[in-house]
Amino acid sequence: MTTTAPTLDLTVDPVELTAALVDVPSVSGDEARLADALEHALRTQAPHLEVVRSGAAVLARTHLGRARRVLLAGHIDTVPIADNLPSHREGDLLYGCGTSDMKSGDAVFAHLAATLTEPRHDLTLVFYDCEEIEATRNGLGRIERDLPDWLGADLAILGEPTGGTVEAGCQGTLRVEIRTHGRRAHSARSWLGDNAVHHAAEILARLNAYTARDVDIDGCVYREGLQAVRIAGGVAGNVVPDECVVTVNFRFAPDRDAEAAQAHVREVFDGYDLTVTDLSPGAPPGLAAPAAREFLAATGTTAHAKYGWTDVSRFAALGIPAINYGPGDPNLAHTREEHVDTRAITGCTDVLRRFLA
């Protein structure tokens, strides 16, 4: 096996570049080879850019003294390969791991970085690692700690798959474990015990009766959701369980901060032992920012709320308006049959070029 970085031509059609990026495997934690290729290509084919390396992330930017700076960010890692490499074409569809999430977005950004030598906004490009795994390993967190000046911008555009539409902001996500307690006994003499799994029925009843909010923020409607995603209990087939854990995920609108989200879930499950295991705040739409309004106008579309959590939240926490915009279909992300419509790649490239050129 060779570990030599492949040669990438950033000036070719972004559809062809997408296939080239997809054909370099980059499962989370193993992005170095692709990062090497991107770094080499940017240094040799885009001399107008300052380029730096941070772990398995590659950053580049212009210094043209423009009034505004636009940051284009895309993660270069993928979920594990599912017998879907190398890439292949079927008509207008390009198949392969990462085509939708989100190497097609990366290809659009890298192509524009190399071919737009005099953009009307200063540009920053951030191709980062480890987005698909635990948040503590996310490359943006490392960049924020080590190279904070690289994340300054008037607008951040993340190339997450949106089907070529603008998805503004994102939901927050909160996971909690709710415990019920009982007393062990032999199941043949169950009246001597107290079944903790049976006590979880009230938790499920509260979830079934829960009415989710629809929240309109700047014309984007965020729908909340409270769902049980896991139940664990019992130690053996002949033992009355003395503990049961119900894991609940709360997807909340960005008008709630982290504290408000926790308070709401604790109110819903008042009287239960509750432990927070994961919490990431959401991000408001950010469409009031001048650069965001300008970009939305360039797309000729209407913005919609982002259902799910993305790294726009990290930029919102830094006070930077951020949106999701990419050619991939979010419904195909992480699937064995993952693919992208090549016409969407071309369309997104045209929109961004029109906005930036």
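Residues take their numbers from the sequence shown, with the count starting at 1.
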For a quick test of reading the model, state the closest non-hydrogen atom pair linking [X] to [Y] and the distance between them.
X: T349; Y: H111; answer: CG2-CD2, 4.1 Å
X: C97; Y: L85; answer: N-CD2, 3.8 Å
X: D77; Y: S28; answer: OD2-OG, 2.6 Å
X: A291; Y: D154; answer: CB-O, 4.2 Å
X: D146; Y: P148; answer: C-CD, 3.4 Å
X: A153; Y: I320; answer: O-CG2, 3.6 Å

Without swapping roles, check the side chain of [X] against the backbone of [Y] for a donor-acceptor pair under 3.5 Å.
X: T62; Y: L64; result: no
X: S313; Y: T310; result: no
X: R213; Y: G225; result: no
X: E39; Y: A56; result: no
X: H63; Y: H48; result: no
X: D13; Y: V15; result: yes
X: E31; Y: C130; result: yes
X: R53; Y: V58; result: no
X: S104; Y: P327; result: no

Checklist entry - Where do W191 and R189 land on the side chain to side chain contact (heavy atoms under 4.5 Å, CB included) test, with the steps shown first? => result CA-CA 6 Å; W191 59 89; R189 293 173 289 279; 3.9 Å; yes

Any Lys/Arg nitrogen of [X] or [Y] sitting under 4.0 Å from an Asp/Glu carboxylate oxygen of the other?
X: D273; Y: R179; value: no
X: E160; Y: K306; value: no
X: R89; Y: E16; value: no
X: D149; Y: R61; value: yes
X: R206; Y: D270; value: no
X: D122; Y: R68; value: no

Checklist entry - What distance separates I323 CD1 from L155 CG, expressed to the nearest 0.5 Å? => result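 So the CD1 of I323 and the CG of L155 are separated by 5.5 Å.
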
Checklist entry - Taking atom CG of L207 and atom CG of L204, what is their separation to the nearest 0.5 Å? => result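 Reported to 0.5 Å precision, the distance equals 6.0 Å.
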
Look at the side-chain heavy atoms of Ile, Leu, Val, Met, Phe, Trp and Tyr, link any pair under 4.5 Å apart, and say whether [X] and [Y] land in one connected group.
X: V12; Y: L38; value: yes
X: I231; Y: F269; value: yes
X: V265; Y: L279; value: yes
X: F315; Y: L287; value: no

[Y] and [X], any side-chain heavy atoms less than 4.5 Å apart:
X: L112; Y: R353; answer: yes
X: L59; Y: F127; answer: no
X: E338; Y: D101; answer: yes
X: L21; Y: L34; answer: yes
X: I345; Y: V108; answer: yes
X: V215; Y: V221; answer: no
X: D341; Y: D329; answer: no
X: T18; Y: L94; answer: yes

Checklist entry - Passes side chain to side chain donor-acceptor pair (under 3.5 Å), T124 versus R69? Steps please. => result CA-CA 7 Å; T124 299; R69 179 172 291 276; 2.9 Å; yes

Item to check | Single hit among T117, L42, L123 for side-chain contact (heavy atoms from CB on, under 4.5 Å) with L49 | outcome: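 Among the candidates, only L42 passes.
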
Item to check | Reference residue V126; test side-chain contact (heavy atoms from CB on, under 4.5 Å); the match among L147, I143, L158 | outcome: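 So, applying the side-chain contact (heavy atoms from CB on, under 4.5 Å) to V126 and each of L147, I143, L158, only I143 qualifies.
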
Got a list of side-chain donor-acceptor pairs under 3.5 Å for residues 232-254, not counting sequence neighbours?
unit_1	atom_1	unit_2	atom_2	d
D242	OD2	R184	NE	3.3
N249	OD1	R251	NE	3.0
N249	ND2	T173	OG1	3.0
N249	ND2	L174	O	3.0
R251	NE	T173	OG1	3.4

Item to check | Hydrophobic cluster of Y95, others only, ordered by chain and residue number, side-chain cut-off 4.5 Å | outcome: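 Answer for Y95: L93.
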
Checklist entry - If you link I, L, V, M, F, W and Y whenever their side-chain heavy atoms are under 4.5 Å apart, who else ends up in the same group as W309? => result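 ILVMFWY cluster around W309 holds nothing else.
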
Other residues, nucleotides and ligands only: do more than 12 of their heavy atoms fall within 6.0 Å of [atom1] on [X]?
X: R230; atom1: CZ; result: no
X: R354; atom1: CZ; result: yes
X: Q227; atom1: CD; result: no
X: H40; atom1: NE2; result: no

Is a donor from one side chain sitting under 3.5 angstrom from an acceptor on the other, for [X] and [Y]?
X: S87; Y: D23; value: yes
X: K103; Y: T78; value: no
X: T162; Y: N324; value: no

Next on the checklist: Evaluate M102 against D106 for side chain to side chain contact (heavy atoms under 4.5 Å, CB included), listing each step before the verdict.
Outcome noted: CA-CA 6 Å; M102 54 168 283; D106 292 330; 3.6 Å; yes

Next on the checklist: Pair V166, H304 - check side chain to side chain contact (heavy atoms under 4.5 Å, CB included), show working.
Outcome noted: CA-CA 6 Å; V166 173; H304 302 281; over 6 Å; no

Next on the checklist: Run the side chain to side chain donor-acceptor pair (under 3.5 Å) test against H264 and tell me which residues pass, sequence neighbours left out.
Outcome noted: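 With sequence neighbours excluded, H264 shows a side chain to side chain donor-acceptor pair (under 3.5 Å) to Y210, given in chain and number order.
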
Item to check | Any residue meeting side chain to side chain contact (heavy atoms under 4.5 Å, CB included) with E337, in chain and number order, not counting sequence neighbours | outcome: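 For E337 the side chain to side chain contact (heavy atoms under 4.5 Å, CB included) partners, ignoring immediate neighbours, are T335.
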
Checklist entry - Can you check side chain to side chain donor-acceptor pair (under 3.5 Å) on H199 and D194, steps first, answer last? => result CA-CA 9 Å; H199 292 323; D194 182 19; 2.8 Å; yes

Item to check | Residue pairs involving residues 126-141 (criterion side-chain hydrogen bond (donor to acceptor under 3.5 Å, both in side chains); sequence neighbours excluded) | outcome: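 Listed once each, the pairs are H75-E131, Y128-D311, D129-R142, E132-H334, N138-D311.
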
Next on the checklist: Quick one, L71 with I157, criterion side chain to side chain contact (heavy atoms under 4.5 Å, CB included). Give me CA distance, side-chain angles, the key distance, then yes/no.
Outcome noted: CA-CA 6 Å; L71 187 151; I157 301 174; over 6 Å; no

